[in-house]
Number of protein chains: 2
Amino acid sequence: MPYSYEFQRPALTVDIVVFALDEDDLKVMLIERDLKPYAGRWALPGGFVRVEETLDDAARRELEEETGLTNIFLEQLYTFGALNRDPRERVVTVAYFALVNLEGHRVQASTDARNAAWFAVSDLPDLAFDHHQILDTALDRLRGKLRYQPVGFELLPKKFPLRSLQHLYEVVLDRELDKRNFRKKILSMDILVELKEIEKDVAHRAAKLYRFDKAKYDRKTRGGFNFEI
Amino acid sequence: MPYSYEFQRPALTVDIVVFALDEDDLKVMLIERDLKPYAGRWALPGGFVRVEETLDDAARRELEEETGLTNIFLEQLYTFGALNRDPRERVVTVAYFALVNLEGHRVQASTDARNAAWFAVSDLPDLAFDHHQILDTALDRLRGKLRYQPVGFELLPKKFPLRSLQHLYEVVLDRELDKRNFRKKILSMDILVELKEIEKDVAHRAAKLYRFDKAKYDRKTRGGFNFEI
DNA sequence: TTAGTATAGTGTCAAATGAACACTAAGGCA
DNA sequence: TGCCTTAGTGTTCATTTGACACTATACTAA
C-alpha cells in the first residue's frame, strides 16, 4: 500500500563511518554491497530512515543490522544532499560518525547476508556513492575533535597503557609525538586514573594501565578544555 | 498530481539561524508565522526542500524568499529529527547558520507576506517548533567557530575599526577582553590589513579602519589556526 | 646466569605565549 | 581653551610549550 504526497520528497537515509584502531592503523568499517547500484562495491553501512524512528535510532539500528555493533559512541556528522549522489533517485543522507575499540567489538563479519570488514583508512578500496567524501569529512572531524574533546578513549579498551593513547594520537594526527611531553601533558590534565594493574603477556617490561575518568573530566570541563597535544 | 512511494517518507525542510551584530547585541532574524501550526508565533526562516535543489540551495532560496537576504555566509549546522518536532507529521530539518553584517543588509521587513525582524538573542520571544533548541545549537557553534576560524568578520562591514572586532568577540563570548592584549593578538595573526582610512562622523577621535585579508589567512591556515582570544 | 633487547618511565632548560596592568594622543564639543 | 571620549601603545611576570637522553625493568635466548 503506497503512500502519496502532494510534492515529490527526497528519500532520507543514514550512513555511518565507524572508526577503530589497531596496532598500526586507523580502520573504518565497510560493507560489501550485494544490490545495485554499485553491487560488489564497498560502502559505508547505512540505510533508510523509517518514519517512526529518530535519526540517531536509525543509525544505531542500521549499524547493528549490518555490522552487529551496538552500544558505541555515535554522533551526527553532516548531512549530504547533492542532487546525484544516488543514481536511482534523490537521496539525502545524514552521516554519522562512530568510534569503537576493537577489543570489545571484534569484527562480526557477515550479518544480514552482507560482508563487513575493517579497512585501513590509508588503504581504501573504491567506495560506492559519495562515501569517500563522507569518509573524508569524518576524518577531519575526528582529528578536530581529538584536539578539544576526550573522544580518543572511545577507540581504546577501558584499561590501556599510556603508550596506546600516544599511539592513537600519532595515528590519527599523523605525526610523531615526544613521549615525555605527551605524558606530562596528558597527566597534567588529571582526567586519567592510574590503576593498580600492569600489562600482561607482553614480551618486555610491562606498562602501568590507566583508565579515563569521565567524572573527573566533567568536573573540569566548564569553559572548554584543550586537548591540543 | 500526487507522488507515491512504497514507504512513508519524512518531510525534509531547512531552517536558518541568521546572526547579526549591532552596537549592543547579537541579533537573530525571526519570521512571524501566518499559518498553523504556531500561527502568530515567531520562528526561524525556513521551508521545504525541493526535490531538484541541494540543501544549500534550499537554504539560500528560503532565506531570500522570507527575509530578502542574499549572498551571505551560510553553513550547515545540524540536522534535527525528533519524532514530534512538527505536530502535523514527521519533519526532519537540516538547520543552517548564517552570518551577516547589518550595514550591508538592513532589515527587509515584510517579504512574502510575512513579518521579519531582528531580535536580541538575550531577549527572545517564545519560538515555534524546536526552534529554540536549534538556536541554542547555533549559538554554541558560533562561539566555537569564533575560537578557531575567522568567521567573525562576516558579522562586520568590510572596513571596521579594531574596537568593533573586539566588541564582536566580547558580545559573542560574553566576557570582557583587555584592549592591549586583544590588539596584540589580532595583529600578530597578520590577517588584517590596515587601511589608509579612518572612521568618519564619529563624535571623538577617529580610529583607523582595517579589513580582513582572506588571501593572507588562507596562506597561513595550513595546520590550523588558533583564534583563542 | 648472564648478556641482550625492547619498552617503561623520568627532568631540565630555553623560548614562546598569555595575562595583568595605566598612561598619553587625538579630535570633537561646549 | 578646557573637557570629554575614544585611540593607541609596552613591560613584566607567570605559564606553557618544545627540544632533548638517560636509567629501570622484565622478558628472551644463549
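Sequence lines set the chain letters: A, B, ... in the order given, protein chains first and strands last, and positions in each chain run from 1.
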Q: Using whole Å, report how far CD1 of B:I186 lies from P of C:dG18.
A: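 Distance, rounded to whole Å: 12 Å.
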Q: In whole angstroms, how far is the C1' atom of C:dG18 from the CZ atom of B:R175?
A: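 In whole Å, C:dG18 C1' lies 12 Å from B:R175 CZ.
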Q: How many Å lie between NZ on A:K208 and P on D:dT25, as a whole number?
A: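 After rounding, the gap between these two atoms is 11 Å.
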Q: CD of B:E176 versus P of C:dC21: gap in Å, rounded?
A: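 Interatomic distance, CD of B:E176 to P of C:dC21: 13 Å.
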Q: Could you pull out the protein-nucleic contacts involving nucleotides 10-16 of chain D (nitrogen or oxygen on both sides, under 3.5 Å)?
A:
residue	atom	partner	partner atom	Å
D:dT11	O4	B:K184	NZ	3.1

Q: Take B:L187 and A:K179, find for each the nucleotide of DNA chain D with the closest heavy atom, and name the residue whose nucleotide sits nearer the 5' end.
A: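 With B:L187 and A:K179 compared, the 5'-side residue is B:L187.
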Q: The criterion is salt bridge (charged side-chain N to carboxylate O under 4.0 Å, His left out); which residues satisfy it with A:K214, sequence neighbours excluded?
A: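 Checked A:K214 against salt bridge (charged side-chain N to carboxylate O under 4.0 Å, His left out); matches are A:D218.
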Q: Residues two or more places apart in sequence or in another chain: which of them pass ring-ring contact (aromatic ring centres under 6.0 Å, His included) with A:F19?
A: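 Testing A:F19 for ring-ring contact (aromatic ring centres under 6.0 Å, His included), a comparison that skips the adjacent residues, returns none.
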Q: How would you list, by chain and number, every residue that makes a salt bridge (charged side-chain N to carboxylate O under 4.0 Å, His left out) with B:K159, sequence neighbours excluded?
A: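 Once residues adjacent in sequence are excluded, the partners of B:K159 under the salt bridge (charged side-chain N to carboxylate O under 4.0 Å, His left out) criterion are B:E197.
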Q: Check side chain to side chain contact (heavy atoms under 4.5 Å, CB included) between B:H132 and all other residues, then give those that pass, not counting sequence neighbours.
A: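 Only B:L124, B:L127, B:D136 meet the side chain to side chain contact (heavy atoms under 4.5 Å, CB included) criterion with B:H132.
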Q: Suppose we screen for ring-ring contact (aromatic ring centres under 6.0 Å, His included). Which residues come up paired with A:Y96, at least two apart in sequence or across chains?
A: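 Applying ring-ring contact (aromatic ring centres under 6.0 Å, His included) to A:Y96 gives none.
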Q: Regarding B:E154 and B:K145, does a basic nitrogen lie under 4.0 Å from an acidic carboxylate oxygen?
A: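 Looking at B:E154 and B:K145, the cut-off is not met.
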Q: What are the atom names and distances for every N/O pair under 3.5 Å that joins the protein to nucleotides 27-30 of chain C?
A:
residue	atom	partner	partner atom	Å
C:dG27	N2	B:H204	ND1	3.1
C:dG28	O4'	B:A203	O	3.3

Q: Could you work out, with ring-ring contact (aromatic ring centres under 6.0 Å, His included) as the rule, every residue matching B:F73, not counting sequence neighbours?
A: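 In terms of ring-ring contact (aromatic ring centres under 6.0 Å, His included), with neighbours along the sequence ignored, B:F73 is linked to no residue.
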Q: Could you give the CD-to-C1' distance, from B:Q166 to C:dA19, as a whole number of Å?
A: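 These atoms are roughly 14 Å apart.
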Q: Taking side-chain hydrogen bond (donor to acceptor under 3.5 Å, both in side chains) as the definition, give me every residue that meets it alongside A:R33, ordered by chain and number, with sequence neighbours left out.
A: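 A:R33: no side-chain hydrogen bond (donor to acceptor under 3.5 Å, both in side chains) contacts found.
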Q: Between atom CZ in A:R183 and atom P in C:dG11, what is the gap in whole Å?
A: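 So the two atoms are 12 Å apart, to the nearest Å.
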Q: Starting from the C-alpha separation in whole Å, work towards a yes-or-no answer on side chain to side chain contact (heavy atoms under 4.5 Å, CB included) for A:L30 and A:L44.
A: CA-CA 5 Å; A:L30 299 176; A:L44 297 173; 3.9 Å; yes
Q: Would you kindly give the NE2-to-C1' distance between A:H167 and C:dA8, to the nearest whole Å?
A: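 Nearest whole value for this atom pair: 17 Å.
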Q: To the nearest angstrom, how far is B:Y210 atom OH from D:dA7 atom P?
A: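 Interatomic distance, OH of B:Y210 to P of D:dA7: 11 Å.
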